[in-house]
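Comments concern the structure below.
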Amino acid sequence: SQTIHQWPATLVQPVGSPLSLECTVEGTSNPNLYWYRQAAGRGLQLLFYSVGIGQISSEVPQNLSASRPQDRQFILSSKKLLLSDSGFYLCAWDSSNYGYTFGSGTRLTVV
Amino acid sequence: GQNIDQPTEMTATEGAIVQINCTYQTSGFNGLFWYQQHAGEAPTFLSYNVLDGLEEKGRFSSFLSRSKGYSYLLLKELQMKDSASYLCASPFSGGYNKLIFGAGTRLAVHP
């Protein structure tokens, strides 16, 4: 079966520290992968998407970067976190004609 | 450009019917999705409309009018567990199935 894993579930990080969030997909090959962020009480903002290994497109210029070192692995990173990076980060893959399947999300609090 | 609008909040009574509206403006249309998101959780797929008309799925139905750029989600026989945010989304016409989300409608169901 096809599943998507995302970790960690929660993270509290100090300002200026680095960040690495990982997402992996099982049961499919060459998926389109996406990173979204959801600020408290707000909608989902598309951050990055990838259509293949090493291919990353950025939607919003900011303090974050993404990488896709393997076909089913998508990583969101930052070298130095800002307070404004706090939010709920969601990884998703384009599972079918029925939109996305989302990972369980990472709630990041930058303090 | 793309723009998706939906009401911020709605309240309803258990057992009642509620309609959540969504209007969209896109340079190309590739379907309209509805997702449900409980607090602190990832969104889950509810419905997908690409043709005009009503699609019924148990207690939930979704309607689309492409000429009016309008959709609604109809929830019948409301239950307390239906308290959640409902997100309207449409694929970006630029390709790669990038979903653009509305800000979501927070529905509170009261006894």
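Because the structure is predicted, anything quoted here is derived from the model rather than measured. Throughout, protein chains are lettered first and strands after them, A, B, ... in sequence-line order, and every chain is numbered starting at 1.
- Under the 4.5 Å side-chain contact rule for hydrophobic residues, B:Ile4 and B:Leu107 share a cluster.
- Proximity of the aromatic rings of A:Tyr36 and B:Phe101 is defined here by a centroid distance below 6.0 angstrom, and this criterion is met.
- B:Lys98 and A:Tyr49 make their closest contact through CD-CE2, 3.1 Å (heavy atoms, listed as atom of the first residue, atom of the second, distance).
- Across B:Ala39, B:Ala89, B:Gly40, the residue that shares the most heavy-atom pairs under 4.5 angstrom with chain A is B:Gly40.
- When the side chain to side chain contact (heavy atoms under 4.5 Å, CB included) test is applied to B:Arg66, the partners found at least two apart in sequence or on another chain are B:Tyr24, B:Phe29, B:Leu51, B:Asp52, B:Leu64.
- Surrounding CZ of A:Arg42 are at most 12 heavy atoms belonging to other residues, nucleotides or ligands under 6.0 Å away.
- Connection of A:Leu81 to A:Leu83 is established within a shared hydrophobic cluster, with ILVMFWY side chains joined at heavy-atom distances below 4.5 Å, either directly or through further cluster members.
- Between the side chain of B:Tyr35 and the backbone N or O of A:Tyr100, at least one donor-acceptor pair lies under 3.5 Å.
- Following chains of ILVMFWY side-chain contacts shorter than 4.5 Å, one cannot reach A:Leu64 starting from A:Trp7, and the two form parts of different hydrophobic clusters.
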task: Assess whether side-chain contact (heavy atoms from CB on, under 4.5 Å) is satisfied between A:Leu44 and B:Gln37, documenting all intermediate values.
output: CA-CA 11 Å; A:Leu44 274 69; B:Gln37 185 179 24; 4.2 Å; yes
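- Atom CD of B:Glu77 sits in a sparse spot, with 12 or fewer heavy atoms from other residues, nucleotides or ligands closer than 6.0 Å.
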query: What do the steps show when you test B:Phe45 against A:Phe102 for side-chain contact (heavy atoms from CB on, under 4.5 Å), and what is the final call?
result: CA-CA 9 Å; B:Phe45 170 80; A:Phe102 287 89; over 6 Å; no
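- Only the side chain of A:Gln38 comes within contact range of chain B, with at least one heavy atom under 4.5 Å from a heavy atom of that chain.
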